[in-house]
Amino acid sequence: MSRIIVLVDMDCFYAQVEQRDQPSLWGKPVGVLQYSANGQSGLIAVSYEARPFGVKRGMTAKQCKELCPDIEICLVPQGEHADKADIQKYRDASSEVFAVLGSVDPRITLERASVDEAFMDCTVYVESRVSGEDREEIINRLLHPSCLPTSFIVDGEEEQEKDNEIDHDIADEDTRNKEKEERKESKRRRKIEEFIEKCRYDDECLKIALAAEFAERLREKVKEKTQFYCSAGVGNNKMMAKLVCAAHKPRKQSFVPPGSEMGVLRRTSITSIRGLGGKLGMALMERFRVNTMGELSSLPIAVLSNEFPTHVDWLKKIMRGEDDEPVKARTVQTSIGVGKNFPGKLAISTTVEARFWLEGLTKELVKRLTDDRVRNRRMAQNIIVHLTTDVSTSKTVRVGAADEKDDRLLEKLWPVMLSMRKGPTEGVWNPPIFNISLSAGRFLDGLPSKENSIVGWMEKRTRELEQMEGSSSKEILSGDAALDEKRRLEREAEGDEREWEGEEVTCMGVPTIVEEDEDCLIVEE
Ligand code: CTP
Ligand code: CA
Ligand code: CA
């Protein structure tokens with residue numbers, strides 16, 4: 001069955017949160033810097049005004065000042081524990097966005113893919129519009145110049161269409177640039193109009209066009225309610241929607257005409273495909289010395305299936321532009337994690353240090369879990385302790401309601417962590433630890449009745465959230481149907497135990513694309 005999927009991704013999200021906090025920063029080059037007490041600091045978000053200077057994520061304040069002296073640096077607030085940054089304000093901003101996305105139409109399935117990104121399955125929504133509305137009226141509306149003002153068609157033909165028309169009679173560079181912009185705009189419009197004409201007799205095209213119109217309105221609504229700009233991609237599956245969303249950023253959207261999927265993929269680099277951004281993509285590129293999906297597709301299938309037998313079926317589909325991963329209705333994270341890296345000389349080599357950092361991380365985790373409990377009225381059942389020494393190991397600990405307090409949880413986690421210590425010498429941790437992470441998961445809906453110790457705090461936080469998100473989020477969260485749906489989701493999510501940034505957990509040959517969990521995104525490198 002053909003589907004219509006929209007991916008919404010916020011533009012330079014954390015930078016926009018800072019710009020909204022300090023409106024004088026709108027329109028200026030802005031970098032969001034995460035500072036760490038061990039002296040490592042780096043940018044985690046860069047506004048589009050700073051990007052032409054070459055400023056990139058990961059750079060230090062010094063590096064970006066050299067490239068862009070006027071850049072305004074905003075610091076991520078420091079957290080209380082374990083030298084962690086406090087990203088609560090970005091999470092709150094994310095909730096505001098999701099409250100808007102979740103309130104638009106009950107026929108749309110919404111999946112939170114990361115802190116600033118959501119998939120929306122619009123199939124039912126557009127199909128009911130196609131069958132319920134007058135086609136002539138739709139077409140006339142879509143053809144109006146005010147419709148689809150920021151939409152681009154991505155069909156793989158772009159390279160050949162490069163603008164070569166330089167008018168040498170015009171000496172003034174500004175005028176030349178202006179004319180170039182105008183040519184680009186009229187080309188964009190022409191392609192859109194040609195596509196809309198096709199919609200007269202092609203339902204698949206019409207559905208995509210209606211989804212693009214929907215995405216334009218949705219982005220306007222997000223802007224109106226939150227002040228944030230975003231971009232979107234529209235395609236017939238998650239992979240295509242995600243891929244083309246990045247084609248025209250920021251503040252724009254792109255869609256793939258039905259049938260152009262393979263054309264789009266031809267020149268796409270392997271690592272920009274959802275599911276191939278990690279180890280599998282790198283392995284394919286290195287093994288076959290290929291860079292693009294086109295090159296990958298030209299390899300004989302027998303070769304692929306010889307060397308990547310567990311992945312070949314999934315790869316064959318992806319190379320055809322097919323991806324049947326469903327949009328899973330969920331607006332909450334399936335795991336909440338905290339972690340810290342101890343690179344090089346900072347590696348932990350004593351039990352005392354190990355316990356010190358575990359304590360800090362446990363406190364931070366409890367803080368996040370408490371916040372999650374208020375927002376989502378649920379409790380974690382599992383906590384995974386993950387250590388990286390010369391190898392990576394993890395152990396899962398069952399936890400109950402009573403454990404969600406710093407000291408109780410620490411006493412539960414510490415023996416587990418100790419049991420992962422290999423060295424024979426008391427007090428020494430050898431081989432040393434490069435990373436400690438804790439990840440809470442398998443959430444169970446509902447709260448135990450005796451929650452006295454945090455009731456006051458919870459009520460305060462609930463009021464804050466309600467004020468911030470307005471009534472729309474309350475509507476979504478209340479009502480039995482919503483609750484049932486939420487239970488179903490949590491059950492579905494129970495299988496997802498490990499969710500780390502960008503990492504791909506391979507199971508049965510299909511790379512499971514794990515949520516970009518913001519709590520893990522900012523693990524200090
Ligand atoms: N983020 C992070 N650490 C990373 C990746 C992302 O903290 N390794 C945060 C960023 O601060 C960012 C947000 O998650 O603002 C969303 O990430 P992403 O969508 O990849 O980038 P944006 O900054 O939103 O920029 P773009 O406009 O290119 O999407
Ligand atoms: Ca983004
Ligand atoms: Ca994103």
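Both ligands and their constituent atoms are indexed starting at 1 by order of listing. All figures in this text were calculated on a predicted structure; none of them were measured in a lab.
- In this structure, D9 has a heavy atom closer than 4.0 Å to ligand 1.
- Aromatic ring orientation, Y229 versus W26: perpendicular (interplanar angle above 60°, classes split at 30° and 60°).
- Backbone or side-chain N, O or S atoms of M10 reach the Ca ion (ligand 2) at under 3.0 Å.
- Residue contacts with ligand 1 for E18 are absent, since no atom lies close enough (heavy atoms, distance under 4.0 Å).
- The closest approach of D116 to the Ca ion (ligand 2), by N/O/S atoms, is made by OD2.
- Side-chain rings of F255 and F152 stay apart, their centers remaining 6.0 Å or farther from each other.
- Taking all atoms of both residues into account, the shortest heavy-atom contact from V46 to K56 is CG2-C, 3.8 Å.
- Neither the backbone nor the side chain of Y90 has any atom closer than 4.0 Å to an atom of ligand 1 (non-hydrogen atoms only).
- Here M10 has backbone heavy atoms under 4.0 Å from ligand 1, and that is the only part of it that gets that close.
- Applying the 4.0 Å criterion to heavy atoms of Y48 picks out, from ligand 1, the atoms 26 (P), 27 (O), 28 (O).
- A donor-acceptor pair under 3.5 Å is formed between the side chain of D323 and the backbone N or O of M239.
- Residue-level proximity to ligand 1 for I44 is carried by backbone and side chain together, each with a heavy atom below 4.0 angstrom.
- Using 4.0 Å as the threshold, R251 has no heavy atom nearer than that to any atom of ligand 1.
- Formation of a donor-acceptor pair under 3.5 Å by the S272 side chain with backbone atoms of T268 is not found in this model.
- Q19 contributes atom CD, which lies 10.5 Å from atom CG of D11 (distance to the nearest 0.5 angstrom).
- On a distance-only criterion, K249 and ligand 1 share at least one N/O pair closer than 3.5 Å.
- Neither the backbone nor the side chain of I87 has any atom closer than 4.0 Å to an atom of ligand 1 (non-hydrogen atoms only).
- Among heteroatoms of the N, O or S kind in E117, OE1 lies nearest the Ca ion (ligand 3).
- At a 4.0 Å cut-off, at least one heavy atom of R57 sits close enough to ligand 1 to count as contact.
- The backbone N or O of G337 lies less than 3.5 Å from no partner atom in the side chain of S439, so there is not a single donor-acceptor pair.
- Counting the atoms of ligand 1 from 1 in the order shown, those under 4.0 Å from a heavy atom of R51 are 25 (O), 26 (P), 27 (O), 28 (O).
- A distance-only check finds no donor-acceptor pair linking the side chain of K242 to the backbone of M240 [under 3.5 Å].
- Contact atoms of ligand 1 toward A45: 11 (O), 15 (O) (distance under 4.0 Å to a heavy atom of the residue).
- Residue-to-ligand polar distances place C12 within reach of ligand 1: an N/O pair is separated by less than 3.5 Å.
- Not a single N or O atom of E117, backbone or side chain, sits closer than 3.5 Å to an N or O atom of ligand 1.
- At distances below 3.5 Å, not a single donor-acceptor pair connects side-chain atoms of R267 with backbone N or O atoms of T292.
- Within the 4.5 Å cutoff, the side chain of R188 has heavy atoms near those of the I192 side chain.
- A ring-centre distance under 6.0 Å is found for Y14 and Y90.
- The atom name of the N/O/S atom in D9 closest to the Ca ion (ligand 3) is OD2.
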